[in-house]
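As structure tokens, the structure follows; a few thoughts come after it.
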Amino acid sequence: MLCIFIAGVSVGCHAGPKQYGVKVVATYPHSRESYTQGLYFSKDGTLYETTGGYGTSNFMKVDILSGKALQSVSFNKKFFGEGSVALNGKVYILTWENHLVFVYDEATMTYEKTYSWPYEGWGITTDGTNLILSTGSATLYYVNPDTFKILKRVNVTSSDRPMRLLNELEWIDGKIWSNVYLSNLILIINPDNGKVEGIVDCTGLLPDSLRKADTDVLNGIARNPLTGKIYLTGKLWPQLYEVELIEK
């Protein structure tokens, strides 16, 4: 509960975002070489991942039990891969500074076409009809998947403050979940008004004993549509976690 006081007198209180932690339900291997940018499950429960880096960007079908790529597509070294999502049998893969979006056939993982995009590409998800993109700002962009034209913009706020550095996105139970870059936080966002309804603190999810000098930040949210289970990982993390939320 957030209360506002003027001269020591309360002038009103309102409920702020719900606060959550995470409980690890299961742990799976994840490649330390994967600079995770996008993570999602297909409708049949197959895990896909896109990774970043100039010369190390890939689009992969991943065996969740081993953490190994079952199939992989590498991008030209001039492209830095970012978020990815599937909609209507097509996979949309963002690039960071190239202002391009690649479209692949999900079933065959073959390239189909490229769209231009005026902003940096960070994260992408879908509500089942439109694509929803983040650019590292506090704004989410709704995009037509057939033309890649912007349909609307939603500004994300918490207690009326803009929430910047929105990164990897996932649509879960009618809400948008977003990593906040350079933090251990995930925001649960109302897609209609952009208000943050929940904050998930993932501090300590990856134990210090598993960290190396190049281990990077939390990034990667995926919900398996067949089971409803939620999975989290990070850039160059050695593990992928199935988690449950714990309300604080």
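Partner of Tyr115 under the side-chain contact (heavy atoms from CB on, under 4.5 Å) criterion, out of Val143, Leu100, Thr147, Val101: Val101 alone. When each of Trp96, Phe102, Trp122 is paired with Phe80, the ring pair (Phe, Tyr, Trp, His ring centres under 6.0 Å) condition holds for Trp96 and for no other.
Residue Glu247 places its CD atom among more than 12 non-hydrogen atoms of other residues, nucleotides or ligands, all under 6.0 Å distant. Surrounding NZ of Lys212 are at most 12 heavy atoms belonging to other residues, nucleotides or ligands under 6.0 Å away. Around CZ of Arg164, the count of heavy atoms belonging to other residues, nucleotides or ligands within 6.0 Å does not exceed 12.
A distance-only check finds a donor-acceptor pair linking the side chain of Thr51 to the backbone of Asn58 [under 3.5 Å]. Side-chain N or O atoms of Asp127 include one that pairs as donor or acceptor with a backbone N or O of Asn130 at under 3.5 Å. Of the possible polar contacts, one joining the Thr233 side chain to the Gln239 backbone as a donor-acceptor pair under 3.5 Å is found. Listed for the Ser134 side chain is a donor-acceptor partner under 3.5 Å among the backbone atoms of Asn167. Here the side chain of Asp105 pairs a donor or acceptor atom with the backbone of Ala107 at under 3.5 angstrom.
Cluster annotation: Ile124 is connected to Tyr119 through the hydrophobic network of ILVMFWY side chains, with a link wherever side-chain heavy atoms come within less than 4.5 Å. Linking Ile, Leu, Val, Met, Phe, Trp and Tyr residues whenever their side-chain heavy atoms come within less than 4.5 Å places Tyr92 and Leu133 in a single cluster. Side-chain heavy atoms closer than 4.5 Å link hydrophobic residues (I, L, V, M, F, W, Y) into clusters, and following such links, even through other members, never connects Leu240 to Val243. Clustering ILVMFWY residues whenever any of their side-chain heavy atoms sit less than 4.5 angstrom apart, transitively, puts Trp237 in a cluster other than the one holding Tyr35.
The CG atom of Leu39 sits 12.5 Å away from the CG atom of Leu169 when rounded to the nearest 0.5 Å. In this structure, OG1 on Thr215 lies 13.0 Å from NZ on Lys235, to the nearest 0.5 angstrom. Once rounded to the nearest 0.5 Å, the distance linking OG1 of Thr126 with CG of Leu131 reads 5.5 Å.
For Thr56, the side chain to side chain donor-acceptor pair (under 3.5 Å) criterion is met by no residue, not counting sequence neighbours.
Residues Lys43 and Leu226 share a closest heavy-atom pair of O-CD2, 3.3 Å.
Contact check on Arg223 versus Asp173 returns a salt bridge, with a Lys/Arg side-chain nitrogen under 4.0 Å from an Asp/Glu carboxylate oxygen.
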Legend entry - Candidate pair Glu97 and Glu120, rule side chain to side chain contact (heavy atoms under 4.5 Å, CB included), full reasoning: CA-CA 5 Å; Glu97 297 176 308; Glu120 288 186 354; 4.3 Å; yes
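By the 4.5 Å side-chain criterion applied to Ile, Leu, Val, Met, Phe, Trp and Tyr, Val25 is assigned to no cluster and stands alone.
Using the six-membered ring where Trp is involved, Tyr104 and Tyr111 have ring planes that are perpendicular, over 60° apart on the 30 and 60° scheme.
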